Number of protein chains: 2
Amino acid sequence: MRAFNRFYTRVIGVLQAGMHDLPYSLTEGRVLYEVAHAGSLETGELRSRLDLDAGYLSRILTRFDGDGLIIRERSAADARKHLVRLTPAGREAFEALDRASTDDITRLLAGLPEDGRERLLDAMRAIRDVLDPPAGPRTTLIRPPRDGDLSWVVHRHGVLYAREYGWGRDFEQLVARVVADFDPACDALWIAEVDGRPAGCVFYIRKDGTTGQLRLLLVEPSARGLGLGRRLVEECLRHARADGRERVVLWTRDCLTSARRVYEAAGFRLDSQEKGSENGIEVTEQMWSVDL
Amino acid sequence: MRAFNRFYTRVIGVLQAGMHDLPYSLTEGRVLYEVAHAGSLETGELRSRLDLDAGYLSRILTRFDGDGLIIRERSAADARKHLVRLTPAGREAFEALDRASTDDITRLLAGLPEDGRERLLDAMRAIRDVLDPPAGPRTTLIRPPRDGDLSWVVHRHGVLYAREYGWGRDFEQLVARVVADFDPACDALWIAEVDGRPAGCVFYIRKDGTTGQLRLLLVEPSARGLGLGRRLVEECLRHARADGRERVVLWTRDCLTSARRVYEAAGFRLDSQEKGSENGIEVTEQMWSVDL
DNA sequence: CTCTCATGGTTGACTGAAGCAATGAGTTTA
DNA sequence: TAAACTCATTGCTTCAGTCAACCATGAGAG
């Protein structure tokens with residue numbers, strides 16, 4: 001991590017060096033940025049956003065005012081406070097700055113291989129998500145599948161169960177078979193999204209007679225505790241009723257305790273279980289069902 | 001990307017703020033770091049590594065010398081140059097600095113959720129790999145499959161072909177079926193690695209009689225041009241011979257031009273082709289074979 | 001209504017980081 | 001051996017940013 005910090009400090013340094021021909025320091029640029037994006041802003045707000053010293057900010061604003069980039073005026077509500085907004089000249093200065101920065105980044109990105117940009121942006125998003133999880137309630141959504149979801153399902157099952165329970169090839173193939181046999185004409189699949197990215201899934205499979213089967217319920221560790229498991233199961237049962245089923249069954253293993261709680265809450269009851277083994281690991285297969 | 005830069009500047013700032021009780025500036029810390037890691041270093045080398053002004057560096061070194069952290073001595077080979085190395089006190093100062101930095105990072109990481117650390121480090125590695133690809137020749141390897149590879153195969157096929165050719169659910173299910181039907185007792189799979197990470201694959205499927213089939217040849221865009229496709233196909237044919245096959249066949253589509261070149265180079269010839277359509281997109285299915 | 005105190009902004013003085021340029025010691029080359 | 005060059009040092013300067021004193025305004029108590 002420290003190696004990365006050293007490295008990235010240098011990257012940022014290189015990008016900023018490219019902007020040295022413009023007459024604004026980094027901090028001044030940030031001020032312009034904030035004011036440009038807010039339209040009109042109290043200086044106090046500006047100060048706290050950029051974590052600047054009041055005196056320093058005052059001087060910067062005085063200079064900007066002198067250069068005709070901004071207009072400062074007293075707040076009508078509280079004459080102690082000042083409001084700041086950009087003049088046309090200020091907006092132009094901001095846009096020049098913005099353009100210079102965009103150019104630098106474009107130049108950097110242009111030197112990258114095909115898929116590099118995407119990987120870069122993915123990784124950056126991941127870092128932000130980890131270090132500074134978006135505060136407010138995360139937006140969740142249960143939706144029908146799209147292209148790409150099936151391979152996502154296989155991949156995440158493989159990765160997560162390998163990590164959490166050590167299940168290997170047999171399990172991956174089992175998942176692949178379910179996905180391969182999935183028939184959109186009579187089966188169904190829902191994907192749970194958190195903030196626009198897949199975070200869980202469940203399959204509904206139409207069995208013979210009046211029975212349906214729930215399969216491959218998964219919720220990403222990072223998305224647990226949001227009630228997605230419950231909603232996925234509910235969606236599945238609702239669909240089963242609409243599909244004329246009288247009963248839904250599912251297979252699971254005793255080690256999947258959090259899934260079990262979801263099944264119980266949805267009305268499933270344990271019908272039978274038997275011990276088996278996979279790759280030398282003891283597992284207890286369970287069969288659950290619910291009457292609709 | 002700019003949002004990330006702003007964000008990460010703040011992260012680095014926070015980490016450095018935690019070290020403010022120590023009497024060294026960021027640059028001084030970097031100097032200590034370089035000298036500590038190099039053992040003994042010419043000041044010129046130091047200057048170019050850290051990209052410092054000669055005067056500024058001279059002053060820093062003078063101060064360090066005064067504080068008894070380093071020893072400066074003239075180079076025996078060229079008395080204009082100076083050599084710098086740490087005194088025991090200097091090493092101790094460096095270690096204190098190092099410890100403070102480690103502590104800060106540990107504290108930051110401790111506040112993260114379970115899988116966060118891993119995602120963070122993965123993402124950081126990805127960013128470095130993209131922005132500053134390890135120079136020397138990349139190490140490549142063709143190896144038998146491990147746990148997790150099957151789901152990787154499904155996932156990358158789904159993602160890459162969706163991106164490059166717009167193939168969707170049908171193709172994902174086709175791949176899933178191949179993976180589900182894969183029988184390690186008579187079939188085979190090889191994974192190509194670049195720098196220790198999966199970058200390609202190929203399946204060998206034993207067909208009836210004396211025929212084998214090559215399936216799901218894939219090389220990541222970032223790993224193309226390294227000859228991995230050729231090596232995967234060779235591995236597959238070698239195995240087919242060892243498995244007593246007289247002939248290996250494969251299906252492909254005419255739009256996969258780079259794969260075609262690999263097949264031709266390996267001795268495959270086009271047997272037949274027919275037009276079809278998938279999701280409304282025209283495709284030409286081709287059948288190739290090679291006699292062993 | 002006015003006095004007091006809190007808040008917000010401004011200004012002057014100051015510090016530390018860092019760059020520039022002149023200087024001098026030492027080295028290489030014509 | 002003199003000229004050209006390299007390298008470290010030092011004085012001067014700039015710039016970013018902090019601190020503290022000060023002034024204007026607003027809010028609440030008597």
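Each chain gets a letter, A, B and so on, in the order the sequences are listed, and its residues count up from 1. All values reported here derive from a predicted model rather than from experimental measurement. Just so you know, these numbers use all the heavy atoms, side chains as well, and skip hydrogens, waters and symmetry mates.
To the nearest angstrom, C1' of C:dA18 lies 14 Å from CG of B:Leu50. Note: CG (A:Asp51) to C1' (D:dG17) measures 12 Å, nearest angstrom. The nearest whole Å value for the distance from the CG atom in A:Leu52 to the P atom in D:dC19 is 13 Å. Atom pair A:Asp78:CG and C:dG9:P shows a separation of 9 Å (rounding to whole Å applied). Distance NZ (B:Lys81) to P (D:dT6): 11 Å, rounded to an integer number of Å. Taking atom OH on A:Tyr56 and atom P on D:dA16, their separation rounds to 5 Å, with Å as the unit. Rounding to whole angstrom units, CG of residue B:Asp53 and C1' of D:dC15 are separated by 14 Å. The NE2 atom of B:His82 sits 10 Å away from the P atom of C:dT27 (whole-angstrom rounding).
Using a cutoff of 4.0 Å between basic side-chain nitrogens and carboxylate oxygens, A:Asp122 and A:Arg119 are not scored as salt-bridged.
Judged purely by distance below 3.5 Å, without hydrogens or angles, the side chains of A:Arg2 and B:Ser101 pair a donor atom with an acceptor atom. For A:Asp98 and A:Tyr33, the side-chain atoms include no donor-acceptor pair closer than 3.5 Å.
Between B:Thr27 and C:dA18 there is a side-chain N or O to OP1 or OP2 distance below 4.0 Å. OP1 or OP2 of D:dA8 sits under 4.0 Å from a side-chain N or O of B:Arg47. Of the side-chain N and O atoms in B:Ser58, none sit less than 4.0 angstrom from OP1 or OP2 of D:dA8. Within the 4.0 Å cut-off from OP1 or OP2 of C:dT10, not a single side-chain nitrogen or oxygen of A:Arg80 is found.
Between B:Leu32 and B:Gly90 the shortest heavy-atom distance is CD2-O, 4.4 Å. The two residues B:Val153 and B:Cys201 have their closest heavy-atom pair at CG2-SG, 3.9 Å.
Checking B:Thr43 against A:Arg59, the closest nucleotide of DNA chain D that is more toward the 5' end is the one next to B:Thr43. Sequence order on DNA chain D of the closest nucleotides to A:Gly55 and A:Leu26 puts A:Leu26 first from the 5' end. Nearer the 5' end of DNA chain C, as judged by each residue's closest nucleotide, is the contact made by B:Arg63, out of B:Arg63 and B:Ala54.
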